[in-house]
Amino acid sequence: MSSADTLQAFKHEGDIVIVGASLAGLRTAEALRAEGFTGSLTMIGDESGEPYDRPPLSKQVLTGWVPADGTALPRRRDIEAEWLLGVPADGLDLATNRVHLADGREIPFDRLLIATGVRARPWPVEAEAALDGVFVVRTREDAQGLRQALDAGPSRVLIIGAGFTGSEIASICRERDIAVTVAELAPGPLVGALGAMIGEVAADMQRAHGVDLRCGVKVTRLEGDAQGRLCRAHFDDGSTVDADVAVVALGGIRNTEWLRDSGLAIGVWGIACDSGCRAFDLNGLVTDDIFVAGDVARCPHPIYEYRFISLEHWANAVEQARIAAHNMVNAQADRWPHLSIPAFWSIQFGVNIKSVGVPTFADEVVIAQGSVADRRFVAAYGYQGRVTAAVSFNNAKWLDHYRHLIETAAPFPPPCPTPDQPADAKPRPVDYPGPALLAQGATVVVTGHDPSERRVTAVRKTR
């Protein structure tokens, strides 16, 4: 049988398993059917419900615009899959092509997509994390619980972490006229993702809306009362704040523990894969049957010197799902690379913040057009004299222009494309914090170069 015949047989009779009933998982399943795959399709998910949309959880759900159970992802087609929900995967055997489930079942596959995403980083002290009034926001249940707590009218909400999620929740609290304190270890909000200059703008914006913003401080202890309810937080500068509700917004942890003994190249930034979404093994060799998509994927991008990039973006999950599905069922010569320029958006304090490119892959930043004082501007990011990213505040219509500059390696700083040239268009150092802070909330992270060809062995630290 020729390779073409083998591929056609697989498309009609093969077994594909998707671990992660997520946005990336569902969109991959839909794309597989659109590509003509008529074989067996199995969806595995640790949550009991079918896939739902996560961005509305920290936006529309907390404001009451959308109920938590109204966030289910729309189905674009019937995927005719077997759904195995409510039981997580806890192992992968590459020798026999089987996924092991926590209940003891083993699911065989010809091709596997891993789309297990991330989970919220919890408060590190378990007893304090269990206090009534302490929340994270990652699942529908999380969002529903926090919304009920906000509806009860707390005297003050403490938000630990001023990344995008923490800042969005702070904005919602102020919209609801709830007193809020934001504690951030970095010098300012959004610094891990967008750098110090934008962090200064974000800090001014929060304080102008009545947020008690405390930067450069660490929450050392959450205190509960005799009934086990949160009542107070302690800081490393000796100060305290009384609060009824605390939201832990310290970023995410990629769900890769179940792959620890699999032989795949996993780490804190996710699963390493090539631009075609095929996973690497421990030796840096590409696998033929294992694919990765969504928040858990870590892949190289040619525009960014082939460095690995980890993203927690909605659009990236959708695009990688399309690429992975196509490459799963097509010959090597017909496979596609994932070359999309990352994009991200957030709404905070009445300001629409959007980005294109990878702001953390930069050494300088400049206000390219508009006015910071008016909260209507575009900041362009550059690396070694070329444009690598742009961030807009209430000026998103120009991002396609900057996307073109990124794709064509245009010189940095770019000329202002409109008459609204800023008064001070002098580039500044982008000034990102160290890796420890980037791990606690950056939405785009550049993590290194391609693996070498030398053989490696995984060695775990013992405590």
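Taking all atoms of both residues into account, the shortest heavy-atom contact from Gly294 to Gln320 is N-OE1, 2.8 Å. Contact between Val391 and Ser355 at its shortest, heavy atoms only, is CG2-CB, 3.7 Å. Across Leu94 and Ser262, no two heavy atoms sit closer than the pair CD1-O, 3.2 Å. Nearest heavy-atom pair, Val366 versus Pro413, reported as atom, atom and distance to 0.1 Å: CG1-CB, 4.1 Å. Counting all heavy atoms, side chain and backbone alike, Trp258 lies closest to Val99 at CZ3-CG1, 4.3 Å. Contact detail for Leu32 and Ala325: the closest heavy-atom pair is CD2-O, 3.6 Å.
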TODO: Walk me through it: do Ile367 and Met197 pass the test side-chain contact (heavy atoms from CB on, under 4.5 Å)?
DONE: CA-CA 10 Å; Ile367 301 300; Met197 184 174 73; 3.6 Å; yes

TODO: Apply the test salt bridge (charged side-chain N to carboxylate O under 4.0 Å, His left out) to residues Arg254 and Glu312: give CA-CA distance (whole Å), side-chain angles for both, the deciding distance (0.1 Å), then the verdict.
DONE: CA-CA 10 Å; Arg254 285 163 174 81; Glu312 294 179 33; 3.4 Å; yes

Open item on the list: Apply side-chain hydrogen bond (donor to acceptor under 3.5 Å, both in side chains) to residues Arg335 and Gln332 and explain how you reach the verdict.
Closed with: CA-CA 5 Å; Arg335 285 177 173 164; Gln332 176 76 29; 3.0 Å; yes

- [ ] Using the side-chain contact (heavy atoms from CB on, under 4.5 Å) rule, take Ser275 and Cys299 through it: C-alpha gap first, then chi angles, then the decisive distance, then the call.
- [x] CA-CA 6 Å; Ser275 64; Cys299 66; 5.7 Å; no

TODO: Might you work through the salt bridge (charged side-chain N to carboxylate O under 4.0 Å, His left out) test for Arg214 and Asp212, ending with a clear yes or no?
DONE: CA-CA 6 Å; Arg214 306 186 185 191; Asp212 172 27; 3.1 Å; yes

Open item on the list: Let's go through Arg278 and Asp288 carefully: what are the C-alpha distance in whole Å and the side-chain angles of both, what is the deciding distance for side-chain contact (heavy atoms from CB on, under 4.5 Å) to 0.1 Å, and is it a yes or a no?
Closed with: CA-CA 7 Å; Arg278 295 181 299 173; Asp288 292 323; 3.9 Å; yes

Task: Criterion side-chain contact (heavy atoms from CB on, under 4.5 Å) on Tyr304 and Ile406, from CA distance to verdict - done: CA-CA 10 Å; Tyr304 299 102; Ile406 296 165; 3.6 Å; yes

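Taking the side chain as every heavy atom from C-beta outward, Phe135 and Val245 approach each other to under 4.5 Å. Side-chain atoms of Val118 and Ile253, non-hydrogen and from C-beta on, never get closer than 4.5 Å to each other. Arg386 places a side-chain heavy atom less than 4.5 Å from the side chain of Ile303. Residues Asn330 and Glu35 have side chains in contact (heavy-atom distance under 4.5 Å, counting atoms from C-beta outward). Contact check for Val137 versus Val247: side-chain heavy atoms found under the 4.5 Å cut-off. Side-chain atoms of Phe393 and Val201, non-hydrogen and from C-beta on, do get closer than 4.5 Å to each other. Side chains of Leu194 and Tyr381 form a contact here, defined as non-hydrogen atoms less than 4.5 Å apart. Looking only at side-chain heavy atoms (C-beta outward), Asp204 and Arg375 come within less than 4.5 Å of each other.
Panel note: side chain Ser22, backbone Ala115; a donor-acceptor pair is recorded below 3.5 Å. Remark: the backbone N or O of Asp289 is not paired with any side-chain donor or acceptor of Arg111 at under 3.5 angstrom. In this structure, Asn394 contributes its side chain and Asn352 its backbone to a donor-acceptor pair below 3.5 Å. Looking only at distances, no side-chain donor or acceptor of His404 sits under 3.5 Å from a matching main-chain atom of Asp400. The backbone N or O of Trp269 sits less than 3.5 Å from a side-chain atom of Ser310, completing a donor-acceptor pair. Within the 3.5 Å criterion, the main-chain N or O of Gly263 finds no donor-acceptor partner in the side chain of Asp281. The main-chain N or O of Ala279 is found under 3.5 Å from a side-chain atom of Thr287 such that the two form a donor-acceptor pair. The backbone N or O of Ser167 sits nowhere less than 3.5 Å from a side-chain atom of Ser171 that would complete a donor-acceptor pair. At least one donor-acceptor pair closer than 3.5 Å links the side chain of Arg174 to the backbone N or O of Ile178. Asp110 places a side-chain N or O within donor-acceptor distance of the main-chain N or O of Asp15, the cut-off being under 3.5 Å.
The closest side-chain donor-acceptor pair between Gln369 and Tyr402 falls under 3.5 angstrom.
In this structure, CG in Leu150 is found 6.0 Å from CG in Leu62, a value given to the nearest 0.5 Å. In this structure, CE on Met43 lies 8.5 Å from CD on Glu50, to the nearest 0.5 angstrom. Annotation: the span from Asp374 atom CG to Ser371 atom OG amounts to 3.5 Å, rounded to 0.5 Å. Interatomic distance, CG of Leu259 versus CD1 of Ile114, reported as 4.5 Å (0.5 Å rounding). Within the model, atoms CD1 of Ile16 and CZ of Phe10 stand 4.0 Å from one another, a figure rounded to the nearest 0.5 Å. Atom CD of Gln206 is separated from atom CG of Leu213 by 5.0 Å, given to the nearest 0.5 angstrom.
With Glu47 as the partner, the salt bridge (Lys or Arg N to Asp or Glu O under 4.0 Å) test is satisfied by one option alone out of Arg119, Arg138, Arg54: Arg54.
A salt bridge does not link Lys218 with Glu184: every distance from a Lys NZ or Arg NE/NH1/NH2 to an Asp or Glu carboxylate oxygen is 4.0 Å or more. Salt bridge Glu364/Lys426: absent, no basic N to carboxylate O contact under 4.0 Å. For Arg76 and Glu30, the salt-bridge test passes: some basic side-chain N is under 4.0 Å from an acidic carboxylate O.
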Pair up each side-chain donor or acceptor in residues 336-344 with any protein partner under 3.5 Å, not counting sequence neighbours, and list the distances.
from, atom 1, to, atom 2, distance (Å)
Trp336, NE1, His326, NE2, 3.3
His338, NE2, Asn316, OD1, 3.0
Ser340, OG, Glu319, OE2, 3.3

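The aromatic rings of Tyr383 and Phe361 sit tilted relative to each other, their planes meeting at an angle between 30° and 60°.
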